[in-house]
Amino acid sequence: MNEIALLQEHGPDSAPATESVLNSARHRLLTEIADASGEPRQRWAGLHRQHGFRRARVLAMTVIAASALFVFSVVVGGVISAEQSRDRTPTAVTLVAFQMPVFPLALDPVPAGLTAPFFDLDGRFLAGYRATDGESGVNLIVYDRRPDPRETTRPVSVHGQRGELWEDRSQNGPTHVSVMWEWEPGQWAQVTGRGRFSTEAAVLALADTVVERPQEVPLQVRLAPVGWEVFAFKDDRILTLKDENSDATMNVHLAERPQPDLLGNIMGAQEVSTVQVDGREAHLVRADEIWFLQVPLPDGSVFNLQAPLFMTADQVVAIGEQVTVER
């Protein structure tokens, strides 16, 4: 959920938080959720390769021409610009075409009893396969550099490459067994199994089924301010983009149902207007520090777009029209 709803629904009563505090709280929340998976974290850095799994960036055409195989966010014609009202952010905002990162690998076949993958990105790019028993599951993870080595590992062979196998035991949680290998030069893959997949034999068998097959994430944003990048997303439901030159962020959150009282529940809400987003009636809230756009989806759910006030209302709506959700 967006940080305002999180504080209202789950936090103690307190004075309104500043934008910087909210950004920090959101980052800590996403970090704690990612850490709960039992996987190591590392920062996502550098330009991505043609497989498309490094951090999304919008780059100038001159950079794209020089690095055509390394970037996946492009600037196109028909940009929308607006002057900005805050000193801590750029003097103007330009919206350009934006492409989300693509997960480069897949399990083939997916073991019986596992769902289609969900995707997380926060220091590492993860495709998670849940089991219907609620206890078992498999995580397939990619890194753009070798993670810090574990204290206790043993060598194994995966796809003809040297790999490392280890086991994580927790007194209060499930056991995880993992194997990691360099699936191509400078690119590392990891398979982690829990429940019925938390054995050496099961994990090595799963690793042997990993194939190079791009998978798009279900939550897509195809328009963003120039110079912004994917900061994190969680479980296909929470997406955060961040200005690489400031603390400004934009969030998209999928919710099961619309919020009926936007004026009463959005902190600092001043007014609500009805707008058209891709032919659908949506509600745009102007609050003290943010825009909040709530857009209905055909199945009765909604997506909420939270954007800085230095964008114009038209820009917020234009971004909302380029949000897509694949079920």
Side-chain angles (χ1 to χ4, degrees), residues 1-11 22-23 25-34 36-37 55-56 98-103 115-122 125-130 137 139 215-225 228-242 249-262 265-267 269 272 274-285 287 290-308 311 315-327:
M1 63 179 64
N2 67 76
E3 63 266 28
I4 292 177
L6 178 68
L7 292 172
Q8 288 175 331
E9 295 180 18
H10 302 289
L22 293 176
N23 286 341
R26 179 183 57 256
H27 176 65
R28 290 197 302 271
L29 171 65
L30 289 169
T31 299
E32 289 170 3
I33 294 173
S37 67
R55 186 186 296 274
F98 187 82
Q99 186 174 343
M100 291 286 292
V102 177
F103 194 83
T115 62
F118 65 91
F119 299 94
D120 288 348
L121 175 60
D122 183 25
F125 205 169
L126 177 149
Y129 299 79
R130 296 187 176 106
N139 288 341
Q215 301 186 78
E216 288 193 350
V217 300
L219 178 58
Q220 295 276 331
V221 174
R222 304 188 186 277
L223 191 68
W228 287 46
E229 61 185 19
V230 172
F231 181 71
F233 55 83
K234 180 65 185 174
D235 205 11
D236 297 336
R237 302 186 65 82
I238 305 170
L239 168 65
T240 301
L241 273 62
K242 183 181 181 297
T249 59
M250 180 173 67
N251 306 298
V252 180
H253 165 235
L254 298 182
E256 294 182 357
R257 61 187 63 86
Q259 172 58 249
D261 182 12
L262 293 173
N265 289 289
I266 301 301
M267 185 182 299
V272 180
T274 300
V275 295
Q276 291 293 313
V277 177
D278 198 23
R280 291 166 286 176
E281 186 176 281
H283 294 94
L284 179 65
V285 180
I290 62 165
W291 292 104
F292 186 93
L293 178 66
Q294 182 171 266
V295 181
L297 296 171
D299 64 356
S301 63
V302 299
F303 73 79
N304 298 317
L305 170 63
Q306 179 181 305
M311 295 183 189
Q315 286 182 316
V316 175
V317 171
I319 294 171
E321 288 181 334
Q322 295 299 314
V323 174
T324 60
V325 182
E326 295 293 336
R327 298 295 186 181

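Under the rule for a side-chain contact (heavy atoms from CB on, under 4.5 Å), the partners of S301 that lie at least two apart in sequence or sit in another chain are L297, D299, R327. For D278, there are no side chain to side chain donor-acceptor pair (under 3.5 Å) partners, not counting sequence neighbours. Taking Q220 as the reference, M100, E216, V217, R222, T324 meet the side-chain contact (heavy atoms from CB on, under 4.5 Å) condition, with sequence neighbours excluded. Scored by the ring pair (Phe, Tyr, Trp, His ring centres under 6.0 Å) test, F119 finds F103 as partners (sequence neighbours excluded). Among residues two or more places apart in sequence or in another chain, the side-chain contact (heavy atoms from CB on, under 4.5 Å) test is passed with A287 by I266, I290.
Put simply, the side chain of F98 reaches to within 4.5 Å of the side chain of L241, judged on heavy atoms. Counting heavy atoms from C-beta outward, Q315 and P225 have side chains that stay 4.5 Å or more apart.
Judged purely by atom type and a 3.5 angstrom limit, Q294 uses its side chain to pair as donor or acceptor with the backbone of Q259.
Atom CG in D235 sits 10.0 Å away from atom CG in L254 (nearest 0.5 Å). For the atom pair OG1 (T274) and NE2 (H283), the distance works out to 4.0 Å, reported to the nearest 0.5 Å. Atom CE of M311 sits about 11.5 Å away from atom CH2 of W291, to the nearest 0.5 Å. Note that CD of E281 and CD of Q276 are 6.0 Å apart. Values are rounded to the nearest 0.5 Å. Separating the CD1 atom in I238 from the CG atom in D120 is a distance of 9.0 Å, to the nearest 0.5 Å. Here the CG-CG distance, from L239 to N251, works out to 8.0 Å after rounding to the nearest 0.5 Å.
Annotation for P296 and V302: closest pair CA-CG1, 3.8 Å, computed over non-hydrogen atoms. Between D236 and P218, the shortest heavy-atom contact is OD1-CD, 3.4 Å. In terms of heavy atoms, G320 sits closest to L293 at CA-CD2, 4.1 Å. P258 and G300 get closest at one heavy-atom pair: CD-O, 3.8 Å.
Residue-environment remark: CD (E326) stays at or below the threshold of 12 foreign heavy atoms within 6.0 Å.
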- [ ] Please lay out, stage by stage, how K234 and H253 fare under the test side chain to side chain contact (heavy atoms under 4.5 Å, CB included).
- [x] CA-CA 10 Å; K234 180 65 185 174; H253 165 235; over 6 Å; no
Open item on the list: side chain to side chain contact (heavy atoms under 4.5 Å, CB included), that's the test. Do V323 and V295 meet it? Break it down for me.
Closed with: CA-CA 10 Å; V323 174; V295 181; over 6 Å; no
Task: Derivation and outcome, side chain to side chain contact (heavy atoms under 4.5 Å, CB included), residues V252 and F233 - done: CA-CA 9 Å; V252 180; F233 55 83; over 6 Å; no
Open item on the list: I'd like to know whether R130 forms a side chain to side chain contact (heavy atoms under 4.5 Å, CB included) with F118, so could you lay out the CA-CA distance, the side-chain angles of the two residues, the decisive distance to 0.1 Å, and finally the verdict.
Closed with: CA-CA 9 Å; R130 296 187 176 106; F118 65 91; 3.5 Å; yes
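With V316 as reference, L305 is the one residue of V275, L305, V277 to meet the side chain to side chain contact (heavy atoms under 4.5 Å, CB included) rule.
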